[in-house]
*Asks:* 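Sending over a structure as structure tokens; questions will come in a sec.
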Amino acid sequence: MEYRFTEIEEKWKQNWEKTNLYKVVEDKNKPKFYALSMFPYPSGAGLHVGHPLGYVACDIFARYKRLQGFNVLHPMGYDAFGLPAEQYAIETGTHPEETTDKAIKRYREQLDKIGFSFDWSREVKTCEPEYYKWTQWIFLQLFNSWYNREADKAEPIQTLVEIFERKGCITDWKQFNPNLHETFSGADWSKFSSYKKERILQYYRLAYRSYTEVNWCEALGCVLANDEVKDGKSERGGFPVVRKKMKQWSLRITEYADRLLDGLNQIEWSESIKEQQRNWIGRSEGCLLDFNAELLPLSLTVFTTRIDTVFGVSFVVIAPEHEALNKLVTQEQKQAVSEYLAYVKSRTEIERQQEKKVTGCFTGSYVIHPFSGEKIPVWTAEYVLSGYGTGVVMGVPADDERDKKFAEKFNLPIVEIIDKSMYPNATIEDKLGKMINSDFLNGMEVQNAIDVMLEKVEEMEIGKRKVNYKLRDASFSRQRYWGEPFPIRYEVKGKTDLPFANGKDDDYADVPVALSENELPLTLPQVESFKPTGDGRSPLASNKTWLENNYETDTMPGYAGSSWYFLRYMDPHNSTAFASKEKLDYWQQVDLYVGGSEHAVGHLLYARFFTKILFDLGFLKADEPFKRMVNQGMIQGKSAFVFQNLEQKKFVSTNMVKEGDEGRFIHCDIQFLNDDKLDIEAFKKWRSEFASFQFVLDSKGEFLVQREVEKMSKSKYNVVNPDDVIAKYGADTFRLFEMFLGPIELSKPWDDKGISGCYNFLRKLWRLFFDADGKLLVTEDEAGNDSLKSLHKLLKKITYDVEQLSFNTSVAAFMICVNELTDLKCHNKNVLQNLVIALAPFAPFITEELYEKLGNKESVHTAIFPAYNENYLRENSFVYPISINGKLRTTLELPLDMEQAQVQEKVLALEQVQKWVEGKPIKKFIFVKGKIANVVI
RNA sequence: GCCGUGGUGGUGGAAUCGGUAGACACGCAGGACUUAAAAUCCUGUGGCACUUAAAGGCUGUGCGGGUUCAAGUCCCGCCCACGGUACCA
């Protein structure tokens, strides 16, 4: 009987659904395990073979844990708000909800074919009001909280108000927010208007309003995502884009910088992800230092981690956005600076940091060096970002790579200040060497000089120690329709808020007021047009209800919904809380989280941030969301290209293209390929405009395409759909092959060439059970020792590999075992049944069928994972590799308990060894039991 | 630019603690079965030169150095590809 996967998979899919096999309920008698795959954004293109990679891995782990007796939560849902659906709406007028629904249905169909153990009764969609009601609710928690630095946790804003009422905001309290340049007494506070009170509270709330930069495209009349900007132009239309300040919501994530950093030490994530988060947070200990302007009553404060190098300062650079820049520009430099600023405005932050071209402009002003008293020129340059540090840096060209390039370009003096001659391998920025040309620091080691300077600066009161973070507060506003509305309305005093900064500090007259809990959810209204309003506001700004109620017209960003969805799965239908206390306490945190490494800092940092806030406010028991995290690599596509010569109206087979030939390679859909050979007729049908072109074939009469590995994407015509693979080989083969492709965390191109190997494996497994006529071959006799050894070798390896999520080697181990059992002609029921249970997490359908055929009434997925028995694996001897001077020359089988002296005797007696030794003295004999013997001569 | 990851046969990859490089699979070549094909099974397969053959030799994990009895694995310096870079998700 043949292995008929279509029938088998259909049969069990229906059975599992009927019996609710994967439904999970809280059960205090079992240990819990929460296995989670990152939920997808449902794009219109459907799933491609890259998406299920992580899902399959996570599903295998979830199923494995279940076989080990855990109560496993393994849900799935959709991150359903997003730009692509909105963009489609702008182009076609289709409501994003419709587009999203359609995409979700398609995703669900595709996911269902792959045999996941998802509990679909817990599905969440971030765009549904029942879900985003709680996203809005969480936002209100943030809005109504502040970070108490003394208690080192978030607290209700009320506790701050009480402090203000009692003792006001005295000098000491300014440390709680250095941006608030105001002190007041408790009595003052009680007299403040609600507007003034709110303005002060805005400096403390975890969700607050401030001016942040956006990409403004005047021609399109809207704010663009970074993604939509290419080389300072809008991707659609190629219109100019400038950076502009706009009043927006931000989240005070910076208050959590240290805790986000420390928390990394408690979680089992890959070192690389933790390192990326550490670098993103970018904690650095340094010092603030004031430089007084020569002719103006102002001082520039720089942040530096290298206060020891202060005698090497030959210029100071101020960020182009810095508010003091205006005052510093002299009449003579006015023209040059304003031209430079226009150039900087058109550049994105990434472009600015790339500094391939060194740019900058002299302001005309000077500051006075606090120690030498010399005049130091002040420049402005794009490599200084206003958002980092103080937005002013001291230029030390001798000891900083970027400063050096800057000085060289603009002919600024370079003063050597550190003698590194005794550290020949040190780079320019290593904190090593002896101070020179540095007055009282001369002769000190760098580390020592830093300490001395810190003391000195604080003593002179021209600066102070400061811990700085690269992390910035998170921008939380989007001028979009398809996102969560803010549960905020404005108390209008006078004119309404203007979207853009107008230069005045105090140019808004609004006081944000939180909606009450029973007003939630504030649902997205229908709008007449999804097109931007043109003045920078979202389409909601043209909605009547929104205008009448003075609701916030911005919506929340994508990460609002995705920063807490893992909590909603615990209790997805709760209408009185985001999840009940009882269920939150039962599931606590995600035990294994699987998702793409592209989320290393974005989503993963925000989710940790939200978790810590909810923890502080007493809702959660764990302050880290994901205990263990694994990042799967991307599956890339193998694009195909054909060489096209437009003038001569021909295509040339890639092996006939010579260097210097006129023409170019253009993408060609991979569905027209047979290996690398092109089906010319199909291609012509696809692109009828090329039907009359000539096709130059190679000597074999074939037309070959050029292959290249690229991101898998519809626009590159290299997408492989899992449906097609499953139709041809079945879901079990598909799952095995996805895993067999390589280590889960590596990126690799999809190539279905190897898939028949996995298919053959399942058929070979099938043949252990059935002969060609479909007769069951299984016997109930005593299993042979060799078979048992093969089985237990497998079980040991699987147990180890699955814990490590090393699924490619697991699949190889199954193949080896089935090969061995086939050679041994083993049809023993006990051996085969254990094999089937072990394979069940990987290939859920075929194993369910075989398990039933073995006479079992229960599902294989409720069985118990077989433990391996070391007794079957014991070996008495080992084939030692024998090497001479580290080079393998021969092998020798010896008992494993043989000691070095005896081994040496046996080894040296070998003919092969004698041949190499040739009577020379043995310098050394290395012996590692069970590993190797090495003769050194 | 900065941060992170990776580079091993024709291909995907294996080598878990510094100890036999290339497990497993694809592909390819040859053979068996077959009228033929498919399927299945068997044998071989990193490269080089040599040999009737066997055995053996040299070389080989992106490039250049180093540490070690022994390096794909550790250290230093490069090159290339990929992911992120704060409004794609």
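The model shown is predicted, which means the values in this text are computed figures rather than measured ones.
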*Asks:* Tell me what A:H603 touches on the nucleic acid: a base, only sugar-phosphate, or nothing, going by heavy atoms under 4.0 Å.
*Replies:*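 Nothing, no nucleic acid heavy atom in range.
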*Asks:* Answer syn or anti for B:C17, where the cut-off is 90° from 0 on the glycosidic torsion.
*Replies:*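 Base orientation: syn.
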*Asks:* Between B:U61 and B:G18, how far apart are the C1' atoms? Round to whole Å, please.
*Replies:*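 It works out to 15 Å between them.
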*Asks:* What is the distance, to the nearest angstrom, from the CD1 atom on A:I281 to the P atom on B:A86?
*Replies:*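 In whole Å, B:A86 P and A:I281 CD1 are 17 Å from each other.
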*Asks:* Please name the pair of heavy atoms, one in A:L220 and one in A:R236, separated by the smallest distance, quoted to 0.1 Å.
*Replies:*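 A:L220 and A:R236 have their closest heavy atoms at CD1-O, 3.9 Å.
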*Asks:* Using atom C1' in both nucleotides, what's the gap between B:A14 and B:A21 to the nearest angstrom?
*Replies:*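 Nearest-Å result for B:A14 against B:A21 at atom C1': 9 Å.
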*Asks:* Atom CD of A:Q632 to atom P of B:G4: distance rounded to whole Å?
*Replies:*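 Result: 21 Å.
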*Asks:* Identify which nucleotide among B:A86, B:A89, B:G4 has an atom closest to any side-chain atom of A:L83, counting heavy atoms from C-beta outward.
*Replies:*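 Per side-chain heavy atoms of A:L83, the pick is B:A89.
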*Asks:* Reading nucleotides 14-22 of chain B 5' to 3', which nucleotides get B (base under 4.0 Å from a protein heavy atom), which S (sugar-phosphate only), which -?
*Replies:* SSB--BB--
*Asks:* Hey, does the side chain of A:K470 come within less than 4.0 Å of B:A86's phosphate (OP1/OP2), counting only N and O?
*Replies:*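 No, because none of the side-chain N or O atoms of A:K470 sits under 4.0 Å from OP1 or OP2 of B:A86.
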*Asks:* Does A:A80 offer a backbone N or O that forms a donor-acceptor pair with the side chain of A:T126 under 3.5 Å?
*Replies:*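 Yes, A:T126 side chain to A:A80 backbone: donor-acceptor pair under 3.5 Å.
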*Asks:* Look at the side chain of A:K748 and decide which nucleotide, out of B:A89, B:G13, B:A86, has an atom nearest to it.
*Replies:*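 Per side-chain heavy atoms of A:K748, the pick is B:G13.
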*Asks:* Mark yes or no for a side-chain to base donor-acceptor pair under 3.5 Å between A:Q636 and B:C82, with no hydrogen or angle criteria applied.
*Replies:*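 Flag unset: no donor-acceptor pair detected.
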*Asks:* If each of A:T822 and A:L224 is mapped to the nucleotide of RNA chain B with the nearest heavy atom, which maps nearer the 5' terminus, i.e. the 5' end?
*Replies:*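 The residue whose closest nucleotide sits nearer the 5' end is A:T822.
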*Asks:* Kindly say whether, by distance alone, the side chain of A:Q248 makes a donor-acceptor pair under 3.5 Å with the base of B:C87?
*Replies:*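 Answer is yes: a donor-acceptor pair is held.
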*Asks:* Can you check the A:D773 CG to B:U40 C1' distance for me, whole Å?
*Replies:*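 Roughly 15 Å, once rounded to whole Å.
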*Asks:* Under the ring pair (Phe, Tyr, Trp, His ring centres under 6.0 Å) test against A:Y606, which residue among A:Y565, A:Y559, A:W564 passes?
*Replies:*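 With A:Y606 as partner, A:Y565, A:Y559, A:W564 yield a single ring pair (Phe, Tyr, Trp, His ring centres under 6.0 Å), made by A:Y559.
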*Asks:* Nearest 0.5 Å, what's the CD-OG distance between A:E228 and A:S234?
*Replies:*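 With rounding to 0.5 Å, CD (A:E228) is 9.0 Å from OG (A:S234).
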*Asks:* With rounding to the closest Å, how many angstrom separate the P atoms on B:A70 and B:G6?
*Replies:*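 B:A70 and B:G6 have their P atoms separated by 27 Å.
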*Asks:* Tell me the interatomic distance from A:R402, atom CZ, to B:C2, atom P, rounded to whole angstroms.
*Replies:*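 Atom-to-atom, A:R402 to B:C2, this comes out as 9 Å.
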*Asks:* Rounding to an integer number of angstrom, what distance separates B:G62 and B:A71 when you compare their P atoms?
*Replies:*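 Result for the P pair: 15 Å, nearest Å.
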*Asks:* What's the shortest heavy-atom distance between A:L83 and A:A225, and which atoms?
*Replies:*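 Minimum heavy-atom contact is CD2-CB, 3.8 Å.
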*Asks:* Taking all heavy atoms of A:V720 and all of A:M712, pick out the closest pair and write down the distance.
*Replies:*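 Minimum heavy-atom separation between A:V720 and A:M712: N-SD, 3.7 Å.
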*Asks:* Using the P atom as the point on both nucleotides, what is the distance between B:G9 and B:G72, in whole Å?
*Replies:*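 It comes out at 14 Å once rounded to the nearest Å.
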*Asks:* Closest approach to the side chain of A:P84, judged atom by atom: which nucleotide of B:C88, B:A86, B:C87 is it?
*Replies:*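 For the A:P84 side chain, the nearest candidate turns out to be B:C88.
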*Asks:* Syn or anti: how is B:G9 classified when any glycosidic angle within 90° of 0 counts as syn?
*Replies:*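 Syn, since the glycosidic angle lies within 90° of 0.
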*Asks:* Say whether A:E820 and A:S790, considering side chains only, have a donor N or O and an acceptor N or O under 3.5 Å apart.
*Replies:*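 Yes.
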*Asks:* In whole angstrom, what separates A:D473's CG from B:C87's P?
*Replies:*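 Taking CG of A:D473 and P of B:C87, I get 12 Å after rounding.
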*Asks:* Considering only side-chain heavy atoms of A:E275, which listed nucleotide, B:C69, B:G4, B:C42, is closest?
*Replies:*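 Nucleotide nearest to A:E275's side chain: B:G4.
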*Asks:* Between B:C69, B:G56, B:G83, which nucleotide has the shortest distance from any of its atoms to the side chain of A:K924?
*Replies:*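 Of the options given, the side chain of A:K924 lies nearest B:C69.
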*Asks:* Grab the two heavy atoms, one from A:D554 and one from A:F486, that are nearest each other, plus how far apart they are.
*Replies:*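 Looking at all heavy atoms of both residues, the closest pair is O-CD1, 3.2 Å.
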*Asks:* Roughly how far apart are A:L765 CG and A:N819 CG, rounded to 0.5 Å?
*Replies:*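 Rounded to the nearest 0.5 Å, the CG-CG separation comes out at 11.0 Å.
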*Asks:* For A:F734 versus A:V725, what's the shortest heavy-atom pair and its separation?
*Replies:*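 Of all heavy-atom pairs spanning A:F734 and A:V725, the closest is CD1-CG1, 3.7 Å.
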*Asks:* What's the gap between B:G27 and B:A54 when it is taken at their P atoms, as a whole Å value?
*Replies:*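 That atom pair is separated by 27 Å.
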*Asks:* Quick one: is B:A39 close enough that its OP1 or OP2 comes under 4.0 Å of any side-chain N or O from A:R767?
*Replies:*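 Checking B:A39 against A:R767, no side-chain N or O comes under 4.0 Å of OP1 or OP2.
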*Asks:* Do you see a donor-acceptor pair shorter than 3.5 Å between the side chains of A:D79 and A:S562?
*Replies:*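 Side-chain D/A pair, A:D79 to A:S562: absent.
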*Asks:* Looking at A:R889, I'd like to know whether one of its side-chain N or O atoms comes within less than 4.0 Å of OP1 or OP2 on B:G57.
*Replies:*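 Yes, within the criterion.
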*Asks:* Only one of A:T890, A:N934, A:I882 forms a side chain to side chain contact (heavy atoms under 4.5 Å, CB included) with A:V907, so which one is it?
*Replies:*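 So the option named by the test is A:I882.
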*Asks:* With a non-hydrogen cut-off below 4.0 angstrom, is A:I273 in contact with a base, only sugar-phosphate, or nothing?
*Replies:*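 Since no nucleic acid heavy atom lies under 4.0 Å of A:I273, the category is nothing.
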*Asks:* Which is true for A:G558 with a 4.0 Å heavy-atom rule: it touches a base, it touches only sugar-phosphate, or it touches nothing?
*Replies:*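 No contact.
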*Asks:* Output the single nucleotide from B:A86, B:G4, B:C87 whose closest atom is nearest the side chain of A:S272.
*Replies:*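 Taking heavy atoms from C-beta onward, the closest nucleotide is B:G4.
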*Asks:* Could you state the NZ-C1' distance from A:K825 to B:U40, rounded to the nearest angstrom?
*Replies:*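 One finds 14 Å between C1' of B:U40 and NZ of A:K825, rounded.
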*Asks:* What's the CG-C1' distance between A:L910 and B:G56, to the nearest Å?
*Replies:*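 Atom-to-atom, A:L910 to B:G56, this comes out as 15 Å.
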*Asks:* Whole angstrom is fine here: how far is it from NE2 in A:H51 over to P in B:A89?
*Replies:*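 Distance check: A:H51 NE2 to B:A89 P gives 14 Å.
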*Asks:* Distance between the P atoms of B:G44 and B:A55, in whole angstroms?
*Replies:*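 Taking atom P in both B:G44 and B:A55, they lie 12 Å apart.
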*Asks:* Say you pick atom P in B:C76 and the same atom in B:G4; how far apart are they, in whole Å?
*Replies:*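 Looking at atom P only, B:C76 and B:G4 are 13 Å apart.
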*Asks:* Just checking A:W916: base, sugar-phosphate only, or nothing, at a heavy-atom cut-off of under 4.0 Å?
*Replies:*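 Sugar-phosphate, backbone atoms only, no base.
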*Asks:* Strictly by modelled atom types, are A:W249 and A:E552 linked by a side-chain donor-acceptor pair under 3.5 Å?
*Replies:*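 Indeed, the side chains of A:W249 and A:E552 share at least one donor-acceptor pair under 3.5 Å.
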*Asks:* Taking Watson-Crick (N1-N3 plus N6-O4 or O6-N4) and G-U wobble (N1-O2, O6-N3), each under 3.5 Å, can you produce the dot-bracket string of RNA chain B? Use [ ] for crossing pairs and | for inter-strand ones.
*Replies:* (((((((..(((......[....)))((((((.......))))))(((........)))..(((((..]....))))))))))))....
*Asks:* For nucleotides 24-33 of chain B, just jot down a letter per nucleotide in 5' to 3' order: B, S or -, based on protein non-hydrogen atoms under 4.0 Å.
*Replies:* BSS-------
*Asks:* Indicate the atoms forming the closest heavy-atom contact of A:P532 with A:C222, along with that distance.
*Replies:*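 Looks like CB-CB, 3.4 Å.
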*Asks:* Look at all strands and tell whether A:R480 reaches a base, only sugar-phosphate, or nothing, counting heavy atoms closer than 4.0 Å.
*Replies:*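 Result for A:R480 = nothing.
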*Asks:* Just to be sure I understand the rule, does A:K923 reach a base, reach only the sugar-phosphate, or reach nothing, if contact means heavy atoms closer than 4.0 Å?
*Replies:*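 Touches nothing.
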*Asks:* Atom CZ in A:F807, atom CD1 in A:I798: separation rounded to 0.5 Å?
*Replies:*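 It comes to 9.5 Å.
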*Asks:* Using a cut-off of strictly less than 4.0 Å, decide whether A:R478 has a side-chain nitrogen or oxygen near OP1 or OP2 of B:C87.
*Replies:*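 The answer is yes; a side-chain N or O of A:R478 sits under 4.0 Å from OP1 or OP2.
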